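Reading through the structure tokens given below for one structure.
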There are 2 protein chains.
Amino acid sequence: MSATPENTPSAPPPIGQMIAQFRASRNHSLQDLSNLSGVSKGMISQIENGQVNPTLAVVWKLASGLGVRLQDLLDEPDANKPGIEFIYLTKENCPTLTSPGHGYEVQILNTTDMVETVELYLVRFMPNGEMTSAPHVTGTMETVTVFQGEVEVDVDGARHRVKSHETARYSADVPHCLRCAGDKEALAYLAVKFPAPNQAALPVP
Amino acid sequence: MSATPENTPSAPPPIGQMIAQFRASRNHSLQDLSNLSGVSKGMISQIENGQVNPTLAVVWKLASGLGVRLQDLLDEPDANKPGIEFIYLTKENCPTLTSPGHGYEVQILNTTDMVETVELYLVRFMPNGEMTSAPHVTGTMETVTVFQGEVEVDVDGARHRVKSHETARYSADVPHCLRCAGDKEALAYLAVKFPAPNQAALPVP
DNA sequence: GCACACTGTTCAATATATTAAACCCGATAG
DNA sequence: CTATCGGGTTTAATATATTGAACAGTGTGC
């Protein structure tokens with residue numbers, strides 16, 4: 001019997017619920033996930049119902065079968081219950097950054113007060129407008145979709161072109177730049193996806 | 001139905017090495033960590049040497065004793081392989097889901113093989129097209145930006161309207177529905193942000 | 001030399017995680 | 001109705017994770 005030391009800040013993660021949620025969201029039966037992961041379906045049932053403490057290897061197999069990372073199964077499912085929300089963003093009430101010298105302006109579609117792993121922007125380019133970014137955190141990816149005009153994307157020196165109603169996804173952990181191509185205004189939707197914010201630095205020895 | 005091929009993306013995490021590193025970095029003996037975590041020191045020894053597959057509960061106790069999050073023990077020591085990438089998505093080479101009976105089609109701007117906490121979609125609505133979604137994981141938020149036509153958003157029964165070039169952000173952990181308003185086609189960009197884990201967020205047919 | 005305190009390893013006993021098969025239940029046929 | 005199937009649960013047998021104690025090495029001081 002464990003002495004239950006005083007440093008038990010929270011409960012062990014309810015991994016069963018997470019697995020059940022993931023499995024349900026993919027419309028997989030226990031048998032399906034068993035085939036995908038190599039874990040017996042009886043075991044999966046017991047894990048989902050919290051009747052056993054699965055081995056790390058088994059949890060890893062399940063994460064593999066579900067196509068998620070191990071860490072994704074460990075996050076608390078309902079740490080905070082936000083409540084139903086609906087926010088309407090117009091050009092007026094939406095925080096907008098203008099960069100007149102560079103010929104573009106950016107609407108920030110995220111609320112800035114919440115820490116997010118993704119940021120959403122709407123970028124309007126004047127002709128010859130250019131938005132240059134320093135490298136972001138390693139692993140950051142950007143997805144840009146053009147809705148008006150045409151945009152040129154430089155990624156680490158390489159130059160690419162994205163036409164209207166098309167999309168490009170590229171590494172943003174290197175110097176990169178978005179530029180209005182042609183003489184018409186351009187409108188683009190930019191999603192910046194940061195890697196998961198874990199990576200607690202190892203303490204100095 | 002789906003004969004998923006061998007999915008052995010990587011090896012199970014070398015958690016023993018991580019624990020040994022953390023323990024060494026704090027100058028803790030096996031006995032110390034045993035006292036802190038409540039796991040027997042023999043067990044810790046075997047785990048560090050990779051001789052056993054620890055139970056998730058034990059790994060969690062060790063993480064607690066070390067004062068780190070569970071995820072911190074699971075990260076590969078140096079698994080980050082940046083590699084500069086640029087992917088161009090057109091309507092042709094982009095996975096598209098059509099739902100002819102419901103009058104909309106969806107381009108998936110994420111690659112499906114990478115685990116993300118955000119999913120990006122481009123949705124084209126026919127007049128009267130309607131995309132209904134079951135609730136996603138608690139805490140999921142959706143951001144929809146309209147680029148053509150007008151879109152009606154139902155969130156948990158409440159009805160809202162988003163005009164062209166405007167944006168709405170709303171809770172997606174309740175029943176919700178996007179609908180073409182008016183008799184013109186509508187084009188919308190949809191970003192689905194999950195709290196932490198990834199989840200398939202495709203509409204219910 | 002011995003005894004001691006400390007490290008980390010390994011051993012026998014026990015608890016339990018894991019499997020494959022049996023089982024239960026609702027739906028859909030026939 | 002009975003049969004059958006797929007979904008989920010439970011069960012008996014096995015494998016193995018976990019424990020506490022015994023073991024081995026390493027200095028340290030007397």
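In what follows, chains carry the letters A, B, and so on, assigned in the order in which the sequence lines appear, proteins first and then strands, with residues in each chain numbered from 1. Predicted model only: the values in this text are computed from it and were never measured.
At whole-Å resolution of the value, CD in B:Glu48 and C1' in C:dG8 are 10 Å apart. With rounding to whole Å, B:Leu33 atom CG is found 13 Å from C:dT9 atom P. The distance between atom NE2 of B:His28 and atom C1' of C:dG8, rounded to the nearest whole Å, is 16 Å. In this structure, CD1 of B:Ile15 is placed 14 Å from C1' of D:dA17, rounded to the nearest angstrom. In this structure, CG of A:Leu30 is placed 17 Å from P of C:dC25, rounded to the nearest angstrom. Rounded to whole Å, the distance from CE on A:Met43 to P on D:dA12 is 17 Å. In this structure, B:Leu62 places its CG atom 9 Å from P of D:dT19, rounding to the nearest Å. Across the protein-nucleic acid pair, A:Ile47 atom CD1 and D:dG8 atom P stand 15 Å apart, rounded to whole Å.
Distance from the side chain of B:Pro54 is smallest to D:dT18 among C:dT7, D:dT9, D:dT18. Distance from the side chain of B:Thr55 is smallest for D:dA17 among the nucleotides D:dT10, D:dG8, D:dA17. In the set C:dT18, C:dT9, D:dG20, the nucleotide with an atom closest to the side chain of B:Asn49 is C:dT9. Which of C:dG8, D:dT19, D:dG8 sits closest to the side chain of B:Val39 comes down to D:dT19. Checking C:dT19, C:dT9, D:dG20 against the side-chain heavy atoms of B:Ser45 singles out C:dT9 as nearest.
For the pair A:Arg23 and D:dG8, the criterion of a side-chain N or O lying under 4.0 Å from OP1 or OP2 is met. At least one side-chain nitrogen or oxygen of B:Ser29 sits closer than 4.0 Å to the OP1 or OP2 atom of C:dT7. Checking the phosphate oxygens (OP1, OP2) of C:dT10, a side-chain nitrogen or oxygen of B:Gln51 falls inside 4.0 Å. Taking side-chain N and O atoms only, B:Asn53 has no distance below 4.0 Å to OP1 or OP2 of D:dT16.
Between A:His176 and A:Glu142, the side chains place a donor N or O and an acceptor N or O closer than 3.5 Å (distance only, hydrogens not considered).
Evaluation of atom-type donor-acceptor distances gives no pair under 3.5 Å for the side chain of A:Lys41 against the base of D:dG7.
By the 30° and 60° cut-offs, the orientation of the rings of B:Tyr189 relative to B:Phe147 is perpendicular.
A 4.5 Å side-chain heavy-atom check between A:Glu150 and A:Arg161 finds at least one atom pair inside the cut-off. By the 4.5 Å heavy-atom criterion applied to side chains, B:Ile15 and A:Leu56 are counted as neighbours. Counting only heavy atoms from C-beta outward, the side chains of A:Thr132 and A:Arg179 never approach each other to under 4.5 Å.
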